Structures are given as C-alpha cells and as structure tokens.
Visitor: 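Provided herewith is a single structure, encoded as structure tokens, for subsequent inquiry.
Here is the naming used below: chain letters follow the sequence lines, and residue numbers restart at 1 for every chain. Note that these values count all heavy atoms, side chains included, but never hydrogens, waters or copies made by symmetry. Values in this document were obtained by computation on a predicted structure and should not be read as measured data.
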Number of protein chains: 2
Amino acid sequence: MKWTELSDNWCPVARTLSIVGDRWTLLILRDCFLGLSRFEQFIESSGMTRHILAERLKRLVEAGILERRLYSDGPKRYDYVLTDKGQELAPALMTLKDWGKKHMPVRRATSA
Amino acid sequence: MKWTELSDNWCPVARTLSIVGDRWTLLILRDCFLGLSRFEQFIESSGMTRHILAERLKRLVEAGILERRLYSDGPKRYDYVLTDKGQELAPALMTLKDWGKKHMPVRRATSA
DNA sequence: TTGCCATAGTTCCAAAACGAAACTTAGGGA
DNA sequence: TCCCTAAGTTTCGTTTTGGAACTATGGCAA
C-alpha cells in the first residue's frame with residue numbers, strides 16, 4: 001500500500017499523517033509557528049533543499065494548512081502563513097517538542 | 001541536508017522527528033497503542049510492506065521506543081511492546097488523532 | 001518421517017522520492 | 001549595464017519505497 005492512500009483511512013491518525021507525516025513537513029510548520037513565512041527563511045532554518053520545500057509548500061497550500069500570500073507586487077513575491085486549520089496543529093507540535101526535550105538530549109551542537 | 005542529521009538539531013521538534021517523522025513510524029506506534037504487538041498484526045493493520053516494517057521496528061528498538069521481546073521459545077518468535085519512553089508519545093498520537101477527526105473527514109471507505 | 005502450516009523476517013528489483021547544485025524569472029538599484 | 005534579491009524549477013545521481021517472492025524454524029497431523 002502506498003503512503004498517499006492513507007488519506008482515506010478509517011483512522012484519523014493515519015489521515016493526518018497522510019499530510020504531515022513525511023520527512024520535513026512538520027518542520028516547515030514548526031518554522032511557521034516560529035514566525036517564519038518566506039521561502040528563503042524556511043530554507044535557512046530547516047536545512048531542507050529548495051526542491052523539496054517547494055513541493056511541500058504546494059501540498060500544504062492544497063491541504064488548506066498554509067495560505068500562499070502575495071506580499072510584494074513589483075517582483076511578485078509570495079509568502080506562506082498558517083490558516084486556522086494549520087494553527088490547530090499547534091498542540092501536535094507542542095507534544096512533539098515536549099517529548100524531544102525529555103527524551104532526545106542533544107549530543108553535540110550543529111549549525112542549523 | 002539529510003533528514004537523519006536532524007537527531008542533533010537544536011530544536012526538540014526536529015530531534016523527535018528524526019525518529020518518528022518518517023512515512024510509517026507513527027502508524028506502527030498507533031498500532032502499539034491499540035494493543036498490537038506482532039509483526040503480522042502490524043502488517044495487516046497498517047498496510048505497509050514487510051520490508052519497511054522490519055526496518056522501522058529495528059530503528060524503534062534502537063531508539064528505545066519499542067522493546068523486542070521473545071514471546072515463544074520453540075520457534076523463536078518476537079513481538080514488540082512500548083517502553084516507558086514509547087508510552088510517552090501517547091499525547092502526540094492523541095493530538096494527531098484529534099486534528100484528523102476535525103480536519104480530515106473520510107471521503108470513501110477503504111479496506112485497511 | 002514426511003509434508004504442510006504459522007510467523008518473523010530477508011532478498012530482489014523496478015519505481016518513486018530525495019539531495020545537491022545549477023539554472024530561471026522578474027524586477028531593483030548602483 | 002551589471003549585479004543583487006527572492007522564489008522557485010530543472011537536472012541528475014543516490015537513496016528509499018513498494019510489491020512480491022523467498023528463507024528459517026519449529027509445531028503438528030497424517
């Protein structure tokens with residue numbers, strides 16, 4: 001079974017994961033909760049490649065979790081902000097944060 | 001940057017995701033919380049391939065989230081149970097469940 | 001004692017996703 | 001005119017995934 005087919009699974013956890021349960025998506029959302037909204041900011045903060053970021057942002061917008069917003073006419077530039085639906089993922093991020101603080105101590109410093 | 005390098009990230013969310021933030025891992029844990037513990041049960045419940053399941057179980061055991069437990073001598077058989085560390089992921093699963101129930105309605109029934 | 005069954009994996013291979021780096025597009029400003 | 005910013009897109013080699021078949025170990029029944 002492919003992972004994408006989970007979107008219609010009987011289990012709400014599986015349905016949620018069909019959107020946010022891959023390698024980087026929740027990290028983008030973390031950045032949103034930290035107040036970041038632009039492409040280059042996500043790149044710098046998360047360390048993911050532009051390629052993947054672009055694809056994930058597209059999916060998050062389609063899913064109604066982020067909104068793509070024109071912030072500069074002139075050279076047209078867009079940024080990304082959480083919708084209400086996206087905001088409601090805050091508790092999930094909090095629980096993951098709490099678990100990480102308790103159970104995943106840092107071994108050595110990294111740049112990102 | 002590779003996703004596995006997140007284990008030493010400054011951010012506890014990132015560190016957590018370096019273990020549970022890939023395509024099937026949280027679904028295995030969901031099954032554990034539902035009381036499942038055996039290889040064939042995970043296969044049937046989640047729909048993932050044996051290949052991936054074996055790899056994920058190994059990582060979860062290494063991470064101290066599951067314990068591999070001999071449940072039958074005779075033909076040596078092992079099952080997998082949550083450690084205390086694993087149990088503490090319950091709140092995360094709950095928040096993902098709640099979000100899914102609210103924001104990801106089912107469109108059509110599926111077998112799994 | 002032979003042969004089938006259950007259960008937990010492993011192996012193989014093709015297809016899809018990822019990662020790194022270069023390239024593109026659309027103005028702004030010196 | 002030329003370089004800069006910022007949001008992507010393209011290309012291509014590597015890694016991961018998905019599907020299916022295969023292996024290992026012993027129980028049990030004929």
Side-chain angles (χ1 to χ4, degrees), chain A residues 1-7 9 14 17-28 31-32 35-62 66-81 110-112, chain B residues 1-7 9 14 17-28 31-32 35-62 66-81 110-112:
Chain A
M1 184 203 248
K2 278 172 202 158
W3 175 75
T4 46
E5 294 169 28
L6 290 176
S7 60
N9 198 276
L17 292 176
S18 76
I19 296 185
V20 303
D22 63 11
R23 296 209 210 289
W24 294 108
T25 297
L26 282 171
L27 230 44
I28 297 172
D31 284 345
C32 292
L36 308 188
S37 65
R38 299 191 184 172
F39 197 91
E40 303 296 328
Q41 291 176 325
F42 294 136
I43 288 294
E44 187 182 9
S45 168
S46 71
M48 64 193 300
T49 65
R50 320 175 72 71
H51 185 57
I52 303 299
L53 175 59
E55 194 271 341
R56 293 294 192 277
L57 288 173
K58 199 171 294 176
R59 288 203 316 121
L60 286 168
V61 169
E62 276 168 18
L66 295 182
E67 190 196 335
R68 187 169 184 258
R69 207 181 48 175
L70 185 70
Y71 76 87
S72 150
D73 224 335
K76 288 210 189 304
R77 300 269 156 83
Y78 298 90
D79 66 358
Y80 298 86
V81 292
T110 49
S111 50
Chain B
M1 185 204 246
K2 279 171 199 158
W3 175 76
T4 44
E5 295 169 27
L6 291 176
S7 59
N9 199 275
L17 292 175
S18 76
I19 295 185
V20 301
D22 65 8
R23 293 213 211 287
W24 290 106
T25 298
L26 282 170
L27 229 45
I28 296 173
D31 285 346
C32 291
L36 307 188
S37 65
R38 299 190 184 172
F39 196 92
E40 303 296 329
Q41 291 176 324
F42 295 134
I43 287 293
E44 186 183 10
S45 169
S46 70
M48 65 193 299
T49 64
R50 321 175 72 70
H51 184 56
I52 303 298
L53 176 60
E55 194 271 340
R56 293 295 191 277
L57 289 173
K58 198 170 295 178
R59 286 202 318 120
L60 286 167
V61 169
E62 275 166 19
L66 295 181
E67 190 196 334
R68 186 168 184 259
R69 204 181 50 176
L70 185 71
Y71 74 87
S72 153
D73 224 336
K76 287 211 189 303
R77 299 271 154 79
Y78 298 89
D79 65 358
Y80 297 86
V81 293
T110 48
S111 49

Visitor: Tell me every residue that passes salt bridge (Lys or Arg N to Asp or Glu O under 4.0 Å) with B:R69, counting only those two or more places apart in sequence or in another chain.
Guide: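 Expected list: B:D79.
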
Visitor: On DNA chain D, which is the earliest and which the latest nucleotide, 5' to 3', with an atom closer than 4.0 Å to a heavy atom of chain A?
Guide: D:dT5 to D:dG19

Visitor: Please identify each residue that fulfils salt bridge (Lys or Arg N to Asp or Glu O under 4.0 Å) with A:K58, with sequence neighbours left out.
Guide: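 For A:K58, no residue satisfies salt bridge (Lys or Arg N to Asp or Glu O under 4.0 Å) once neighbours in sequence are set aside.
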
Visitor: Can you name the salt bridge (Lys or Arg N to Asp or Glu O under 4.0 Å) partners of A:R50, sequence neighbours left out?
Guide: A:E40

Visitor: Looking at OG of B:S37 and CZ of B:F42, how far apart are the two atoms once the value is rounded to the nearest 0.5 Å?
Guide: 6.0 Å

Visitor: When the distance from CZ of B:F39 to P of C:dT10 is rounded to whole Å, what number comes out?
Guide: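 So the two atoms are 8 Å apart, to the nearest Å.
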
Visitor: With sequence neighbours left out, what residues match A:R77 under side chain to side chain donor-acceptor pair (under 3.5 Å)?
Guide: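 Expected list: none.
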
Visitor: Which residues pass the side chain to side chain donor-acceptor pair (under 3.5 Å) test with A:K2, not counting sequence neighbours?
Guide: none

Visitor: Using the side chain to side chain donor-acceptor pair (under 3.5 Å) criterion, which residues pair with A:D22? Sequence neighbours excluded.
Guide: A:T25, A:R56, A:R59

Visitor: Under the side chain to side chain contact (heavy atoms under 4.5 Å, CB included) rule, collect the residues that match up with B:S18, sequence neighbours excluded.
Guide: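 Checked B:S18 against side chain to side chain contact (heavy atoms under 4.5 Å, CB included); matches are A:M104, B:L6, B:S7.
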
Visitor: By the 4.0 Å heavy-atom rule, please label B:Y71 as base, sugar-phosphate, or nothing.
Guide: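 The residue B:Y71 makes sugar-phosphate contact but no base contact.
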
Visitor: Treating primed atoms plus P, OP1 and OP2 as sugar-phosphate and everything else as base, which nucleotides of nucleotides 17-26 of chain C get B, S or - for protein heavy atoms under 4.0 Å?
Guide: SSBB-B---B

